[in-house]
Amino acid sequence: MRKTPPKPALPAARARRVAPSWMGYATLVLIAAAVYSNSLSNGFITDDKLQLLGNPLVTDIHRLPHVFGSGVWSFLGYRGNYYRPVVFLVYALLYWIFGAHALGFHCFMVVLHAANTALVYALARRLMNQSTPGAAWIAAALFAVHPVHTEAVDWIAALPDVLLTTVSLAGLLAFVRQNGLPNRLQSAVHCGLYLLALLTKETGVMLLPLYAGYQWILHGKAAASYAAAMPGPLRRNNAGLYAGMAAAFAIYLALRVHALGALAPAQQAFLQLSPAAFATSAAVIAASYVASLVWPAHLNFFHIFHATSHATPQLALSLAALAAAGWVAFRFRARQPMVSYGVLWIALTIAPVLNLAGVGQNVFAERYLYLPSVGFVWLAGMAWAWLRVAAPPVAWPAAAAILLACAATARARNADWKDDYTLLQVTLKQSPESGYLHNLMAGVWVERDQFREASDEQTLAVRYEPRSVTFHKNLGNILLGVDSAAAAREFEMVTRLQPSLAEGHLDLGLAYQALGDSARAAAEYEHALAIAPDYLDAAVRLAQLDQTAGKTEESQAMFRRAEAIRRRLAGNAGATAPSSRRPQ
């Protein structure tokens with residue numbers, strides 16, 4: 001019988017090569033660093049110069065013990081709503097290492113952003129359905145290049161937003177790795193992280209709801225069955241965890257009230273809204289935040305706020321968009337719980353900045369979207385996963401196009417943050433009716449010794465915000481050496497708008513003295529001392545004026561009083577006497 005020759009063996013099927021996990025992290029970190037590499041040559045911008053270079057809590061290592069007893073603007077004598085001691089500890093450390101060189105600070109911001117990108121990826125790998133490879137990487141890559149992040153990463157004063165995101169992502173990643181049921185020691189660590197988040201920025205209060213939301217939406221059934229199988233003493237771990245986090249919150253509140261003197265002493269300092277206007281305006285702002293995540297066009301350092309006090313088409317669209325987001329979160333909770341958690345993440349982390357009367361003059365700020373964008377990029381990653389299944393040939397090219405466009409936009413935006421002059425020139429073209437911006441631009445011209453331009457800008461600031469004491473005061477200071485009569489008119493307006501401001505009366509006295517009206521000048525100095533008895537500048541000015549007028553006894557008495565004030569202030573390092581030249 002003829003033998004059939006054996007069939008040639010088929011080549012073995014090649015196993016699909018899977019890139020090691022570290023490559024995903026490495027590429028994401030490189031992308032995040034590359035997008036912001038051109039920000040390293042930028043300088044200090046606006047608040048950076050006050051919060052860092054002009055803040056003794058940062059520049060004087062001996063003042064560090066005062067950090068936990070001071071608000072963000074306490075060193076200027078202003079009681080604001082911000083209590084962020086951890087941020088100033090980081091600033092002090094960076095200042096100790098790099099000194100007054102912006103490069104070191106910008107390097108730190110870029111490194112922190114790259115770390116956050118890696119944390120977004122790590123969490124997405126654990127939370128997303130892994131049936132579509134690449135979705136977690138796409139989500140993290142979008143976080144790395146999203147243009148709305150430029151304000152947070154480029155502006156050193158926005159460190160609270162970036163650092164809080166690091167703390168929040170690290171805490172949640174640990175919580176997820178612990179299957180949502182940490183042991184006692186791990187729970188104690190989470191309580192410490194919660195206190196750290198609160199001391200970094202007020203939005204940190206939402207870390208506890210983010211933990212609870214993960215358990216409720218993503219891990220409810222699994223956690224319940226897992227807990228049921230655990231020994232009895234360990235089943236109450238999460239009750240202990242949330243009780244501990246509540247205790248951490250109580251500690252934070254005590255520290256905050258001690259440092260600020262109240263829970264929110266500057267509430268309604270910039271905006272006074274009726275309850276109805278507050279609610280409708282908050283709805284419009286919330287929808288605007290979501291829109292900026294979806295379509296980050298027209299990036300702006302200062303968005304002018306217009307209250308929504310009645311029904312408008314914008315309000316209707318905003319309410320419809322928010323309702324749609326709520327419907328999506330509810331509709332997908334069973335089938336795609338990660339969608340619901342992404343929506344919840346955005347809602348929880350945006351909620352604190354909807355306190356429109358407490359966040360400051362810049363009500364809508366892009367840096368506030370840094371932490372909420374985590375939930376958005378997760379949703380974008382899941383949308384890409386759906387596209388990968390529905391239209392495979394389109395998925396990767398579409399993702400590449402979007403990421404490249406975002407990266408190019410972000411790098412172009414980085415250049416706007418080069419210095420105050422560049423940023424304000426760009427921003428004034430976008431928001432020309434902002435008195436706040438004209439006031440800042442006037443300060444830039446003063447630094448350049450171009451006082452005519454400074455006067456023009458400050459005049460515009462007063463025109464757009466005529467009831468601003470600060471703007472009238474700054475215009476008076478600019479005019480004082482050029483037109484004393486015009487300066488006096490500005491200071492008179494200051495005293496009318498805020499009669500109890502000792503600085504206003506001192507400045508008005510200086511203007512009267514420049515006009516040769518010694519009697520009215522003396523009256524204003526005396527008025528300033530009546531308001532602030534330890535006002536050293538007013539005491540010295542009045543003593544000098546009496547000396548010039550030949551009032552020897554009065555002059556000597558006032559000089560003795562000034563010396564007593566000086567000794568008293570020198571013996572009280574924590575005191576802040578009024579200063580007519582305090583930065584605004």
Visitor: Between Asp154 and Asn42, does a side chain to side chain donor-acceptor pair (under 3.5 Å) hold up when you go through it step by step?
Guide: CA-CA 8 Å; Asp154 289 336; Asn42 293 347; 4.6 Å; no
Visitor: Does the pair Ser431 and Asn300 meet the rule for a side chain to side chain donor-acceptor pair (under 3.5 Å), with working shown?
Guide: CA-CA 8 Å; Ser431 304; Asn300 190 349; 2.9 Å; yes
Visitor: Counting N and O atoms only, with roles assigned by atom type, does the side chain of Arg367 sit under 3.5 Å from a partner on the main chain of Leu159, one being a donor and the other an acceptor?
Guide: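 Side chain of Arg367 to backbone of Leu159: no pair is present.
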Visitor: Could you state the interatomic distance from CG (Asn55) to CG (Leu50), rounded to the nearest 0.5 Å?
Guide: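 It comes to 8.5 Å.
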Visitor: Between Asn414 and Val35, is there a donor-acceptor pair closer than 3.5 Å when you use the side chain of the first and the backbone of the second?
Guide: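 Side chain of Asn414 to backbone of Val35, a donor-acceptor pair under 3.5 Å: yes, one is there.
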Visitor: Between Glu465, Glu457, Gln458, which is the residue that forms a side-chain hydrogen bond (donor to acceptor under 3.5 Å, both in side chains) with His438?
Guide: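 It is Glu457, the one option of Glu465, Glu457, Gln458 that forms the side-chain hydrogen bond (donor to acceptor under 3.5 Å, both in side chains) with His438.
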Visitor: Can you spot which of Val148, Ile350, Ile346, Val284 makes a side-chain contact (heavy atoms from CB on, under 4.5 Å) with Tyr289?
Guide: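 Of the listed options, the one satisfying the test is Ile350.
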Visitor: In terms of heavy-atom contacts, does CD of Glu433 have more than 12 from other residues, nucleotides or ligands at under 6.0 Å?
Guide: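 Check fails, neighbour count at 12 or below.
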Visitor: Side chains of Val446 and Ile478: does their closest heavy-atom pair fall under 4.5 Å?
Guide: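 Yes, at least one pair of side-chain atoms sits under 4.5 Å.
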Visitor: Give a yes or no answer on whether the side chain of Thr280 reaches the backbone of Thr308 with a donor-acceptor pair at less than 3.5 Å.
Guide: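 Side chain of Thr280 to backbone of Thr308, a donor-acceptor pair under 3.5 Å: yes, one is there.
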Visitor: Evaluate side chain to side chain contact (heavy atoms under 4.5 Å, CB included) for Gln215 paired with Tyr242, printing each intermediate quantity in order.
Guide: CA-CA 12 Å; Gln215 270 197 293; Tyr242 295 130; 2.7 Å; yes
Visitor: Got Thr59 and Tyr91 here, is their nearest side-chain heavy-atom distance under 4.5 Å?
Guide: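 No - every pair of side-chain heavy atoms lies 4.5 Å or more apart.
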Visitor: Are the side chains of Ser70 and Leu260 in contact, using a 4.5 Å heavy-atom criterion?
Guide: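 No, too far: nothing below the 4.5 Å cut-off.
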Visitor: I'd like to know if the side chain of Asp420 and the backbone of Val444 have a donor-acceptor N/O pair within less than 3.5 Å.
Guide: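 Checked: no pair found.
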Visitor: Just so I know, are the side chains of Leu369 and Glu151 near enough to count as touching, which here means a heavy-atom distance under 4.5 Å?
Guide: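 Leu369 does not reach Glu151 side chain to side chain.
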Visitor: Within the side chain of Trp378, is there an N or O that forms a donor-acceptor pair under 3.5 Å with the backbone of Met338?
Guide: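 Side chain of Trp378 to backbone of Met338: no pair is present.
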Visitor: Please tell me if the side chains of Leu255 and Ile251 come closer than 4.5 Å, counting only heavy atoms from C-beta onward.
Guide: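 Yes, side chains in contact.
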Visitor: With the side chain counted from C-beta on, respond yes when Leu501 and Thr495 share a heavy-atom pair under 4.5 Å apart, and no when they do not.
Guide: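 Leu501 does not reach Thr495 side chain to side chain.
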Visitor: Okay, side chain of Tyr341, backbone of Trp216: is any donor-acceptor separation there less than 3.5 Å?
Guide: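 Flag not set: sc Tyr341 to bb Trp216 has no pair under 3.5 Å.
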Visitor: Passes side chain to side chain contact (heavy atoms under 4.5 Å, CB included), Leu379 versus Val339? Steps please.
Guide: CA-CA 6 Å; Leu379 294 175; Val339 172; 4.0 Å; yes
Visitor: Please give me the minimum heavy-atom distance between Gly54 and Pro56, naming the atom from each residue.
Guide: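 In this case the closest contact between Gly54 and Pro56 is O-CD, 3.6 Å.
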Visitor: Is the ring centre of Tyr211 less than 6.0 Å from the ring centre of Tyr214?
Guide: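 Distance test on ring centres: not under 6.0 Å, no.
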Visitor: Between Phe376 and Trp345, does the ring centre distance come in under 6.0 Å?
Guide: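 Aromatic pair excluded; centres sit 6.0 Å or further apart.
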Visitor: How close do Ala283 and Leu315 get, heavy atom to heavy atom, and via which atoms?
Guide: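 So the two residues come closest at CB-CD1, 4.3 Å.
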Visitor: Measuring from atom NZ of Lys473 to atom CG of Leu497, what distance do you get when rounded to the nearest 0.5 angstrom?
Guide: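 Atom-to-atom, Lys473:NZ and Leu497:CG are 13.5 Å apart.
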Visitor: For Leu423, is there any backbone N or O sitting under 3.5 Å from a side-chain donor or acceptor partner on Asp416?
Guide: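 No; zero donor-acceptor contacts below 3.5 Å.
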Visitor: Go through the steps to decide whether Thr166 and Leu119 satisfy the test side chain to side chain contact (heavy atoms under 4.5 Å, CB included), and finish with yes or no.
Guide: CA-CA 8 Å; Thr166 308; Leu119 287 169; 4.2 Å; yes
Visitor: Using 0.5 Å steps for rounding, measure from the CZ atom of Phe105 to the CG atom of Leu94.
Guide: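 Reported value, rounded in 0.5 Å steps: 5.0 Å.
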Visitor: Side-chain contact, heavy-atom cut-off 4.5 Å: Leu52 with Tyr95?
Guide: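 A side-chain contact under 4.5 Å is absent here.
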Visitor: For the residue pair Gly435 and Ala461, what are the closest heavy atoms and their distance?
Guide: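 Here Gly435 and Ala461 meet closest at O-CB, 3.3 Å.
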Visitor: Evaluate the criterion side chain to side chain contact (heavy atoms under 4.5 Å, CB included) for residue pair Leu164 and Thr203; output intermediate values, then yes/no.
Guide: CA-CA 8 Å; Leu164 174 62; Thr203 312; 3.7 Å; yes
Visitor: Could you grab the distance from atom CD1 of Ile304 to atom OH of Tyr436, nearest 0.5 Å is fine?
Guide: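 Between atom CD1 of Ile304 and atom OH of Tyr436 there are 12.5 Å.
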Visitor: Does Pro147 offer a backbone N or O that forms a donor-acceptor pair with the side chain of Thr409 under 3.5 Å?
Guide: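 Between the backbone of Pro147 and the side chain of Thr409 there is no qualifying donor-acceptor contact (under 3.5 Å).
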Visitor: Do the non-hydrogen side-chain atoms of Tyr82 and Val359 ever get within less than 4.5 Å of each other?
Guide: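 Heavy-atom side-chain distance check passes, below 4.5 Å.
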Visitor: Verify whether the ring centers belonging to Tyr252 and Tyr194 lie closer than 6.0 Å.
Guide: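 When the ring centroids of Tyr252 and Tyr194 are compared, they turn out to be at least 6.0 Å apart.
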Visitor: So, taking the atom named CG in Leu371 and the one named CG in Leu210, what distance separates them when rounded to the nearest 0.5 Å?
Guide: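 One gets 7.0 Å once the value is rounded to the nearest 0.5 Å.
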Visitor: Identify the two heavy atoms, one from Thr117 and one from Ala32, that lie closest to each other, and give their separation to 0.1 Å.
Guide: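 Minimum heavy-atom separation between Thr117 and Ala32: OG1-CB, 3.8 Å.
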Visitor: How far apart are the closest heavy atoms of Ala144 and His113, and which atoms are they?
Guide: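 It is O-NE2, 3.0 Å.
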Visitor: Measure from the ring center of His106 to the ring center of Tyr36 and say whether it is less than 6.0 Å.
Guide: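 Centroid separation for His106 and Tyr36: 6.0 Å or greater.
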Visitor: Okay, side chain of Glu366, backbone of Phe301: is any donor-acceptor separation there less than 3.5 Å?
Guide: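 The answer is no, because no donor-acceptor pair under 3.5 Å joins these two groups.
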Visitor: How about Phe143 and Tyr370: are their ring centres within less than 6.0 Å of each other?
Guide: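 Yes: the rings meet the under 6.0 Å criterion.
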Visitor: Give, for atom CD of Gln361 and atom OG of Ser434, the distance between the pair rounded to the nearest 0.5 Å.
Guide: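 Separation between the atoms: 6.5 Å.
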Visitor: Run the ring-centre check on Phe364 versus Phe305 and record whether the distance is less than 6.0 Å.
Guide: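 So the answer is no for these two rings.
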Visitor: How close do Leu142 and Cys406 get, heavy atom to heavy atom, and via which atoms?
Guide: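 Smallest interatomic distance, heavy atoms only, reads CD1-SG, 4.2 Å.
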Visitor: Say whether, by atom type as modelled, one donor and one acceptor occur between the side chain of Asp419 and the main chain of Thr422 under 3.5 angstrom.
Guide: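 Yes, Asp419 side chain to Thr422 backbone: donor-acceptor pair under 3.5 Å.
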